[in-house]
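Worksheet: one structure, shown below.
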Number of protein chains: 2
Amino acid sequence: MKISTKGRYGVAAMYDLAMHYGEGPISLKSIALRQKISENYLEQLMSTLRNAGYVKSIRGAQGGYSLSKEPEKISVGDIIRTMEGPIVLVDCLLTDAEDNDYCERAEICVTRGVWAKVCDSISSVLDSISLADLCQEEQLQGDVCDNGKNLF
Amino acid sequence: MKISTKGRYGVAAMYDLAMHYGEGPISLKSIALRQKISENYLEQLMSTLRNAGYVKSIRGAQGGYSLSKEPEKISVGDIIRTMEGPIVLVDCLLTDAEDNDYCERAEICVTRGVWAKVCDSISSVLDSISLADLCQEEQLQGDVCDNGKNLF
DNA sequence: AGTATTCCTAGTAGCATAGTAGGTTTTCTT
DNA sequence: AAGAAAACCTACTATGCTACTAGGAATACT
């Protein structure tokens, strides 16, 4: 049960864009450099974020990426769902409970409730944190890294 | 971000044992049959659970597995951690915050707090549900599957 | 003795991750 | 107009993990 680099890099890149919100297009190269991500790989991830409508891009020299909404309006949950797909710990949560074939395994009927509860809990945490929150956290901690202790 | 079959099957098998708690050793064959899990594969999983001290086994004919503690004293979190390792969404959470080399990527300092909060949330949900809770849920729903709506 | 069972080790197909590589198009600057 | 800087696009690949399968050895009950 891990978050892949897609999700992590995606959040990192979006955080980077949020920190430069309003400064015009930010080149992928500079994001990759600051966040220490492979440039070519990040390119693919940005493409996903662009298709999902969270960033817009400008081509050509002096081009780059920028957020297509304010940092307040993009949550970490939005990004994770875009990069990693729906937040479901087990596939049976994707099917409707009324489907008569969703429950192949005898135990699922009982454990399904457990996984659903965990997923809800994950979603509500991720949805409650916006890019703006992350930027504010960065400002609070100043030069000293407090590892997110001040978050919220 | 998925729970692997190790975790799911582990919980399923333990739930099965909890449903037969006090009835003597339960054969792997019967668990595999009821829970629809490959017998050989489940064997490996049971070995992990045995090494972790959650089940005990009796060899030979009429042998099998049984819980080594009461169902109240084993949580879903215990099982998941045994089967899937520590609940950390990103590896950097494994290292101490004071380690000076844990933070290779500029953004981690900020996003680390997010992942930590999610992990805490997952852990607290999983740790709050015992095998006894699952058994009780099963009794509440009787023949009708309510998909865990009654849980808690 | 025979059978039912756990225990142990080794292998393996398939898939996802995390990239690398290299070319094409667009746009700004000079 | 030329050149450079950037996004865009597609194809390839090494590595590792998952979810098994297979088969034999040891143990204990009947």
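Since the structure is predicted, the reported quantities are computational estimates derived from the model, not experimental observations. Throughout, protein chains are lettered first and strands after them, A, B, ... in sequence-line order, and every chain is numbered starting at 1.
- For the pair A:S4 and C:dA16, the criterion of a side-chain N or O lying under 4.0 Å from OP1 or OP2 is not met.
- Here D:dC17 presents its P atom at 10 Å from NZ of A:K2, a figure rounded to the nearest Å.
- Proximity note for A:Q62 (side chain, C-beta onward) versus D:dA19, C:dT6, C:dT29: the nearest is C:dT29.
- No donor-acceptor pair under 3.5 Å is formed between the side chain of B:D127 and the backbone N or O of B:S124.
- The side chain of B:R50 contributes an N or O atom lying less than 4.0 Å from OP1 or OP2 of C:dC8.
- The nearest whole Å value for the distance from the CG atom in B:N51 to the P atom in C:dT6 is 15 Å.
- Cluster membership for A:Y21 and A:I79, using ILVMFWY side-chain heavy atoms within less than 4.5 angstrom, is shared.
- Here C:dT6 presents its P atom at 16 Å from NZ of B:K56, a figure rounded to the nearest Å.
- Looking at the side chain of A:A61, the nearest of the listed nucleotides D:dA7, D:dT18, C:dC28 is C:dC28.
- B:M14 is not connected to B:L33 by any chain of hydrophobic side-chain contacts under 4.5 Å among Ile, Leu, Val, Met, Phe, Trp and Tyr, and they are in different clusters.
- Between A:K69 and A:D78 there is no salt bridge, since no side-chain nitrogen of the basic residue lies less than 4.0 Å from a carboxylate oxygen of the acidic one.
- Between the C1' atom of C:dA4 and the CD1 atom of B:I31 lies a distance of 15 Å, rounded to the nearest Å.
- The distance from atom CG of A:L42 to atom P of C:dA18 is 14 Å, rounded to the nearest whole Å.
- Between D:dC8 and A:S57, a contact under 4.0 Å exists linking OP1 or OP2 to a side-chain N or O.
- Within the structure, every side-chain polar atom (N or O) of B:Y41 is placed at least 4.0 Å from both OP1 and OP2 of C:dT12.
- Comparing A:I58 and B:L28 by the nucleotide of DNA chain C that holds the closest heavy atom to each, the one mapping nearer the 5' end is B:L28.
- Nearest to the side chain of B:T5, among D:dC20, D:dA7, C:dT6, sits D:dC20.
- Straight-line distance from the CE atom of A:M83 to the C1' atom of C:dG19: 14 Å, rounded to whole Å.
- Between B:E43 atom CD and D:dA25 atom P the separation is 15 Å, expressed in whole Å.
- Rounded to whole Å, atom C1' of D:dA7 lies 15 Å from atom CG of A:L45.
- Distances shown here put every side-chain N or O of B:Y9 at or beyond 4.0 Å from the OP1 or OP2 atom of D:dT18.
- Of the candidates C:dT6, D:dC8, C:dT17, the closest approach to any side-chain atom of A:K6 belongs to C:dT17.
- A donor and an acceptor atom never sit less than 3.5 Å apart when one is taken from the side chain of A:R59 and the other from the base of C:dT27.
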Next on the checklist: Walk me through whether B:T5 and B:Y41 qualify under side chain to side chain donor-acceptor pair (under 3.5 Å).
Outcome noted: CA-CA 10 Å; B:T5 56; B:Y41 187 39; 3.2 Å; yes
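- Among the nucleotides D:dA19, D:dA11, D:dG23, the one closest to any side-chain atom of A:Q44 is D:dA11.
- By the 4.0 Å N-to-carboxylate-O rule, B:D91 lies close enough to A:K2 to be salt-bridged with it.
- Listed pair B:K29 / C:dA4 fails the phosphate criterion, with no side-chain N or O lying under 4.0 Å from OP1 or OP2.
- For B:S38 and A:N40, each mapped to the nucleotide of DNA chain D holding its nearest heavy atom, the one lying further toward the 5' end belongs to A:N40.
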